[in-house]
Trainee: 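The structure is given below, and queries will be raised subsequently.
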Number of protein chains: 2
Amino acid sequence: MHQETNILFKKVSSSEMNKVRQKKQLLSLLRTHGSASAPDLSKWLKTSLPTCIVLLNDLINSGYVKNFGIGESSGGRKPNLYGLPEDGFYVISCDLARFSATIVIVDCYHKFVTPVLEIDTHIDDPHLVDKMYEAANQLITGHNIPNEKIFGLGVDMPGLINSKIGINYTIKDKKRQNIGRDLRQRFNKHVYIENDARMHAFGEFYFGSAKGYKDAIIIHWSWGLGLGIFINGQLCSGKNGFAGEFSHIPIVENGELCICGKRGCLETIASSNTIMRRVREGIADKEISSLISQFQDHPDKVTPEDVINSARLGDEFCISILNEVGTAMGKGLSYIIQLMNPEVIVLSGPLSKAKQYILSPIQQSLNRFCLEKISESTQLIISDLGDQSALLGTSEMIFQKVFTEMNLL
Amino acid sequence: MHQETNILFKKVSSSEMNKVRQKKQLLSLLRTHGSASAPDLSKWLKTSLPTCIVLLNDLINSGYVKNFGIGESSGGRKPNLYGLPEDGFYVISCDLARFSATIVIVDCYHKFVTPVLEIDTHIDDPHLVDKMYEAANQLITGHNIPNEKIFGLGVDMPGLINSKIGINYTIKDKKRQNIGRDLRQRFNKHVYIENDARMHAFGEFYFGSAKGYKDAIIIHWSWGLGLGIFINGQLCSGKNGFAGEFSHIPIVENGELCICGKRGCLETIASSNTIMRRVREGIADKEISSLISQFQDHPDKVTPEDVINSARLGDEFCISILNEVGTAMGKGLSYIIQLMNPEVIVLSGPLSKAKQYILSPIQQSLNRFCLEKISESTQLIISDLGDQSALLGTSEMIFQKVFTEMNLL
DNA sequence: GCAAGATAATAAAAATTTTTATAATCTATT
DNA sequence: AATAGATTATAAAAATTTTTATTATCTTGC
């Protein structure tokens with residue numbers, strides 16, 4: 001499987017380089033298509049059928065590709081199908097959220113091959129790297145995954161992250177900011193770290209409601225407002241990987257103080273924080289509401305999900321809160337729509353569960369703040385992917401990196 | 001020069017296709033580099049030197065490439081240099097502004113080979129196509145340009161434009177909206193139409209202050225606020241080509257009525273319109289100002305340029321207007337910076353001439369409305385390209401299209 | 001001014017890839 | 001069921017490309 005030739009002293013000819021490039025492309029094609037016939041692959045690869053078959057046989061001999069048997073035909077000889085072995089490639093995907101992390105091992109068919117393990121940590125935890133390493137090892141040994149078949153580790157986390165150099169500038173201890181380097185040293189594998197909002201978006205773009213689009217906006221709507229932007233099918237990271245700071249665009253002139261230190265950020269009027277503040281105000285003002293009578297003795301126990309549920313049951317107070325928050329989000333989205341003219345906007349995350357209670361105020365805001373010709377061509381969708389969009393997105397991202405950077409010599 | 005083989009009946013082999021692809025790449029490389037040696041070209045093309053030389057000789061025999069003689073060496077035999085013949089390729093570039101158009105013929109070295117002709121027309125002129133055709137012919141015949149060496153026509157104009165299908169939705173007469181088709185019929189050449197802001201941006205990105213960057217924002221600042229967005233080196237057009245509607249993002253709650261029908265758009269507080277309104281108000285309020293005393297008898301003669309000039313001469317009233325407008329623009333830019341994290345923002349157009357009078361209020365706004373970590377990494381530059389960025393950008397765009405789509409069989 | 005090292009061009013040999021032809025296998029139609 | 005048409009696989013021939021070797025030409029340093 002793994003050739004032991006010392007490539008440092010081996011002169012690599014340009015035709016050999018080209019072969020390697022083509023093989024990587026084949027692996028990528030097989031991963032995205034699941035399985036494919038040699039004639040199809042040769043067309044996609046823009047090479048002749050015989051060379052394509054030679055390349056495939058090479059890959060089969062290296063153990064990277066498997067013959068999947070005979071496929072269907074629309075008239076004519078049935079083709080041999082080729083694909084990646086399910087047990088050939090794995091990556092570790094880790095979603096590091098505000099107060100806990102989840103980690104899982106994923107195969108090349110986006111399948112979780114272990115349970116999702118929870119880790120009690122956060123980005124400023126001094127033992128973060130050790131805890132992740134321990135959890136990963138627990139998964140590896142507990143499920144008999146051959147370590148050499150794990151090709152990389154991907155981690156998404158909140159913060160201002162430059163994924164090119166693996167630094168999270170939001171980590172308080174400067175010595176720990178280069179978390180990419182630390183993880184690489186500990187795991188001795190390809191390591192990529194990315195911003196959580198972008199990885200949620202990656203998941204939605206490849207497996208969720210934004211699948212098939214080229215210009216898509218994905219919002220992960222929770223305590224913050226995570227934004228992922230896809231343009232021409234490419235994730236937009238910006239110069240330093242700081243793109244997508246949707247939470248802190250200024251919306252309200254001299255508005256409420258935000259955790260970022262500025263005033264009137266979108267986050268102050270369109271996030272879970274806003275909902276909680278309005279609930280507290282409601283309790284103080286003794287508003288009439290089933291939610292409030294239910295929680296008035298322990299107001300700190302209310303969650304945004306409770307508000308959504310009460311709205312569904314017809315609670316006017318909760319409906320009006322969601323209405324308010326949706327209106328604000330709609331105004332924020334109108335900026336993005338006018339600047340980017342996306343095909344689709346996908347709302348994901350806990351708050352997107354409010355569905356029509358949040359969709360219709362958003363749409364009203366769009367009607368108010370966008371030029372009709374632009375907004376009418378943008379679809380607004382609630383995600384149906386579920387909570388693991390970040391784990392899925394992160395694993396997809398590492399696979400893409402691994403398949404372009406792996407050593408096939 | 002032009003082979004007359006009927007390609008409709010000629011079976012094209014895949015190796016021939018590949019050769020054509022490589023030849024097109026060579027032409028593009030030669031155009032962007034001016035001239036180059038065969039060894040360099042072979043490296044860029046990822047092919048061996050002998051094949052590269054064969055391809056070059058083919059192109060020379062077709063008349064598309066010229067031997068430029070012998071170049072410099074850093075030790076070793078001097079290389080032959082190859083390049084495009086200056087008189088080999090031309091395009092027509094037309095910049096259709098609000099009340100007049102300019103048109104010029106450009107060679108493959110971005111050189112204007114004719115004077116810039118002005119045409120008295122606008123997008124809703126029913127004789128637009130005829131006037132453009134006439135003007136183009138005047139240039140062609142007046143300067144002895146062989147018509148068959150003109151490979152395309154590019155036109156930029158204001159409006160909501162889908163360049164893929166060549167439609168400008170802002171043209172009032174629906175029958176005339178498909179201006180791309182109409183021009184193609186009349187000129188019988190490759191025709192591309194694009195939005196003016198994006199073509200100003202294209203000029204800046206390839207020849208102006210945004211040259212060399214990958215994530216750039218270019219503002220054409222005049223009566224409207226034209227925005228061009230480059231991400232990963234690619235122009236962002238959006239689903240329908242409506243991306244970049246910066247003028248009409250909502251900034252002021254219940255603000256002034258905008259020409260678009262909405263209230264409080266950025267255009268109402270940060271464009272030349274704003275300056276003119278403030279001048280009118282100043283005249284009504286009898287503000288103390290050299291500009292006002294100069295123009296109080298014919299206030300309709302004031303131009304934004306006059307305001308900028310007066311500011312330069314120390315006129316406090318004019319300085320305060322520019323300050324106000326700059327502050328507003330800064331707020332608008334803060335949205336883009338936080339969403340896109342660009343490397344550079346280039347300000348072009350008439351209002352950018354106000355230089356420091358507009359830069360420092362913008363910077364102050366950025367400091368106020370952006371997260372420091374994001375805004376500190378964005379450069380803010382005033383363009384030095386001059387007025388013909390759109391003609392340059394448009395010609396560059398057609399050349400790119402022509403060189404990828406031309407028939408080299 | 002000459003030798004040593006460097007770069008470029010070219011020719012011939014070697015390797016690789018594409019074509020073409022043929023065989024194998026299948027669907028659909030009669 | 002037989003046949004025609006279609007698709008895939010493979011083998012051999014033809015074409016193309018890359019390598020390698022050689023020659024030409026130039027810069028630099030002594």
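Here is how names work: the chains are called A, B, and so on, in the same order as the sequence lines, proteins then strands, and each is numbered from 1.
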Trainee: When the distance from CD of Glu16(A) to C1' of dT17(C) is rounded to whole Å, what number comes out?
Mentor: 16 Å
Trainee: From CE of Met17(A) over to P of dT19(D), roughly how many Å is that when rounded to an integer?
Mentor: 11 Å
Trainee: DNA chain D: Lys46(B) or Tyr82(A), which has the more 5' nearest nucleotide?
Mentor: Tyr82(A)
Trainee: Arg21(B) has an atom CZ; how far is it from atom P of dT17(D), in whole Å?
Mentor: 12 Å
Trainee: Check the distance between dT17(D)'s C1' and Gln22(A)'s CD and give it to me in whole angstrom.
Mentor: 13 Å
Trainee: Can you see if the side chain of Ser73(B) gets near the phosphate of dC26(D) - specifically, an N or O under 4.0 Å from OP1 or OP2?
Mentor: no
Trainee: What's the CG-P distance between Asp40(B) and dA8(C), to the nearest Å?
Mentor: 7 Å
Trainee: Can you list the residues that meet the side-chain contact (heavy atoms from CB on, under 4.5 Å) rule with Asp384(A), with sequence neighbours excluded?
Mentor: Ser209(A)
Trainee: Under 30°, 30 to 60°, or over 60°: which ring-plane class applies to Phe202(A) and Tyr206(A), parallel, tilted or perpendicular?
Mentor: tilted
Trainee: Applying the ring pair (Phe, Tyr, Trp, His ring centres under 6.0 Å) criterion to Phe151(A), which one of Phe403(A), Tyr90(A), Phe89(A) satisfies it?
Mentor: Phe89(A)
Trainee: Looking only at side-chain N and O atoms, does Glu405(B) offer a donor or acceptor that is under 3.5 Å from a partner on Tyr192(B)?
Mentor: yes
Trainee: State, with a plain yes or no, whether a side-chain heavy atom of Leu30(A) is found less than 4.5 Å away from one of Phe68(A).
Mentor: no
Trainee: Where each residue is assigned the nucleotide of DNA chain C containing its nearest heavy atom, which of Thr47(A) and Ile70(A) is assigned the position nearer the 5′ end?
Mentor: Thr47(A)
Trainee: For Leu49(B) and dT10(C), give me the distance from atom CG to atom C1', rounded to whole Å.
Mentor: 9 Å
Trainee: Measure the distance from CG on Asn57(A) to C1' on dA11(D) and round it to the nearest whole Å.
Mentor: 15 Å
Trainee: Tell me whether the OP1 or OP2 atom of dT8(D) has a side-chain N or O from Asn80(A) closer than 4.0 Å.
Mentor: no
Trainee: Give a yes/no answer on whether the side chain of Lys78(B) brings an N or O atom under 4.0 Å of OP1 or OP2 in dT27(D).
Mentor: yes
Trainee: With DNA chain D as reference, determine whether Ser15(A) or Ser37(A) sits nearer its 5' end, using the nearest nucleotide of each.
Mentor: Ser37(A)
Trainee: So which nucleotide from dT17(C), dT19(C), dA9(D) ends up closest to the side chain of Pro50(A)?
Mentor: dT19(C)
Trainee: Rounded to the Å, how far apart are Asn18(A) CG and dT16(D) P?
Mentor: 18 Å
Trainee: Among dT17(D), dT18(C), dT17(C), which nucleotide has an atom closest to any side-chain atom of Ser14(B)?
Mentor: dT18(C)
Trainee: What about Arg77(A), does its side chain sit under 3.5 Å from the base of dT8(D) through a donor-acceptor pair?
Mentor: yes
